[in-house]
2 protein chains.
Amino acid sequence: MQVAMAKRKTTPLKDFAPDGHHCSLDLKTTKLGMVSFFQDLEQDVLDEIVKRFTATHYREGDEIYYQGDPAHYLRVVVDGAAKLLRYTDEGKDVVLDILNPGSYFGSLKLLGSDVYTESAEAQSGCCILSIGLKDFREILQEYPSVGIAILEMSAEKLRSSQEQIKQLTTESVETRIANILLILTDKFGEVKEDKTLIQLPFSRKDLADMAGTTTESASRVMSNFQKEGIIETGRQWVAIKNIEMLRSIVEH
Amino acid sequence: MQVAMAKRKTTPLKDFAPDGHHCSLDLKTTKLGMVSFFQDLEQDVLDEIVKRFTATHYREGDEIYYQGDPAHYLRVVVDGAAKLLRYTDEGKDVVLDILNPGSYFGSLKLLGSDVYTESAEAQSGCCILSIGLKDFREILQEYPSVGIAILEMSAEKLRSSQEQIKQLTTESVETRIANILLILTDKFGEVKEDKTLIQLPFSRKDLADMAGTTTESASRVMSNFQKEGIIETGRQWVAIKNIEMLRSIVEH
DNA sequence: GTACTAAATTGATCTATATCATTTTGGTGC
DNA sequence: GCACCAAAATGATATAGATCAATTTAGTAC
């Protein structure tokens, strides 16, 4: 698709899960097995469970669900990235998380009904598996280990959300952004020769909405980081050149 | 204990769960039944489960556990209030939550070992039940409904934590404080003649650490609220006189 | 290569809130 | 009633980061 021979600078991001892409059953199984709450299961059990999931492909920017919608599904990212956000009345978006393959999201309201409290959107082209909550409840009852694993994952989510609260109330914008870059490197980093490319289309606005600041402030911080040789960046992409310096900004 | 006959102004807070107080078995059972993850169980099953919990009484200010400690217990507040917080290196505390009776806290790390990522402290004199994680795991395996209930409670915690993130990044200090007052009224409000007393000792510093601001700013906001007749307040206590005005501050 | 456009940058203010420094006061113990 | 003291309030000032307003530029399409 990309006739890469120009020396002209184009986006270094790969065009993953592009249009017309289809999530194969194989991919489904492999990826679902990766998700930690299924990782203890036998292969044949896993195969059975996979059948109960439906795969859907989304293009970058597609809405997966919208806050306020009735919540009937639990979802798992198998390829690409999804973003969880809250829109506020004043039009200020808050990005709660960017999910990498293996992460679950959606609802866990197994009894009674519920409504999504956040929206989900395809950050890149992505494949998402979904399962109805009734089906998932059956799985839980059959395989208690799944329940225990998901309980821990959800505790982990709470923890990282609390960490975010701490950061917002105690750290400067620069520190918060440095921290976000580290987290994204962990989740989406792809090591190139002399740098680590964050394999994810994301703009200054995304970054600002994650850090709880404005695009302008995010831009200023990123400009400085680039001047200091810590990162290399273009439109919608960032590569980390000196992760140690980022760490030292966050540490202290 | 309190020879209440003076017209002198004293703290309107009750001296609940005072020194030497002892949590009775009855209290344990009643209160534990209230906790939503046990509320579906039969009485005799509940009785069995209660036996596996240990009750401990803490005095106001006591440390329940400290961040970094190995995490072996799941706990439930049965009386009084406990505070979850993170201490930062620079000495800025962040209050993550104030827990009322019926709330659980501590660890849910059922496999492997873990370390507390926050500290817990008795906000008032309080009774706390605790159960070892191994025991709790057995309960989970025996009663799947408990697992499902706790999964939902933990999803709910995540949600309120995300709401906090939204507030921190989009709302003013005044709005955040108004919101905290509403939440505390919900959890600890006790209706008096013309006002609702928040039955909980908590200082401007606690409030500031909850709102992600400074004691001075919190104090200024509270002074204004008092001038406008929205609240009545003294040392370590607040009563709400006009909850509608608080709501309207938060709404818009 | 040229034209085009949304993303990103940069600069000049403005402002909410932090910070620093006192003073005042609520509540207790005597 | 009076003394005491930490909590709370208040005032003056500083500042990080928001806001407003242009430019510049990266990347795409042709």
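Proteins come first, then strands; the chains are lettered A, B, ... in the order of their sequence lines, and each starts at number 1. Just so it is clear, the values below take in all heavy atoms, side chains as well, and ignore hydrogens, waters and symmetry mates.
- The distance from atom CD of Glu232(A) to atom P of dA26(D) is 12 Å, rounded to the nearest whole Å.
- Ion pairing between a basic and an acidic side chain is recognised when a charged N comes within 4.0 Å of a carboxylate O; Asp97(B) and Lys187(B) show such pairing.
- Using a 4.5 Å cut-off on side-chain heavy atoms (C-beta onward), Phe105(B) and Tyr116(B) make no contact.
- Under a 4.0 Å N-O distance rule, the pair Glu118(B)/Arg86(B) does not qualify as a salt bridge.
- Between dG26(C) and Trp237(B), no contact under 4.0 Å exists linking OP1 or OP2 to a side-chain N or O.
- Residues forming a ring pair (Phe, Tyr, Trp, His ring centres under 6.0 Å) with Phe188(A) (at least two apart in sequence, or on another chain): none.
- The closest donor-acceptor contact from the side chain of Lys166(A) to the backbone of Glu171(A) lies at 3.5 Å or more, if one exists at all.
- Here Ser219(B) lies in heavy-atom contact (under 4.0 Å) with a base.
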Worksheet item: For nucleotides 12-25 of chain C, read 5' to 3', which letter fits each nucleotide if B means a protein heavy atom sits under 4.0 Å from the base, S means only the sugar-phosphate is that close, and - means neither?
Response: B----SSBB----B

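- The distance between atom CD of Gln236(A) and atom C1' of dG27(D), rounded to the nearest whole Å, is 10 Å.
- With axes fitted over five pairs at each extremity, the angle between the ends of the helix from dG1(C)-dC30(D) to dC30(C)-dG1(D) is 50° (10° resolution).
- At whole-Å resolution of the value, CG in Asp209(A) and C1' in dA8(C) are 15 Å apart.
- As rounded to whole Å, 17 Å separates atom P of dA6(C) from atom CG of Asp206(A).
- Partners of Lys157(A) according to the salt bridge (Lys or Arg N to Asp or Glu O under 4.0 Å) rule, which considers only residues two or more places apart in sequence or in another chain, do not exist here.
- Per the geometry, CZ belonging to Arg204(A) stands 10 Å off P belonging to dT10(C), to the nearest Å.
- Going from atom CD1 of Ile231(B) over to atom P of dA9(D) covers 8 Å, rounded to whole Å.
- Taking Arg247(A) as the reference, Glu244(A) meet the side-chain hydrogen bond (donor to acceptor under 3.5 Å, both in side chains) condition, with sequence neighbours excluded.
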Could you go through residues 215-228 of chain B and list every donor-acceptor pair under 3.5 Å that involves a side-chain atom there, pairing it with any protein atom two or more places apart or in another chain?
from: Ser217(B); atom 1: OG; to: Thr214(B); atom 2: OG1; distance (Å): 3.2
from: Ser223(B); atom 1: OG; to: Ser219(B); atom 2: O; distance (Å): 3.0
from: Gln226(B); atom 1: OE1; to: Thr233(B); atom 2: N; distance (Å): 2.9

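- Remark: the backbone N or O of Ser161(B) is not paired with any side-chain donor or acceptor of Gln162(A) at under 3.5 angstrom.
- Protein atom CD of Glu90(A) is 15 Å distant from nucleotide atom C1' of dA18(D), rounded to whole Å.
- Rounded to whole Å, atom P of dA8(D) lies 9 Å from atom CE of Met222(B).
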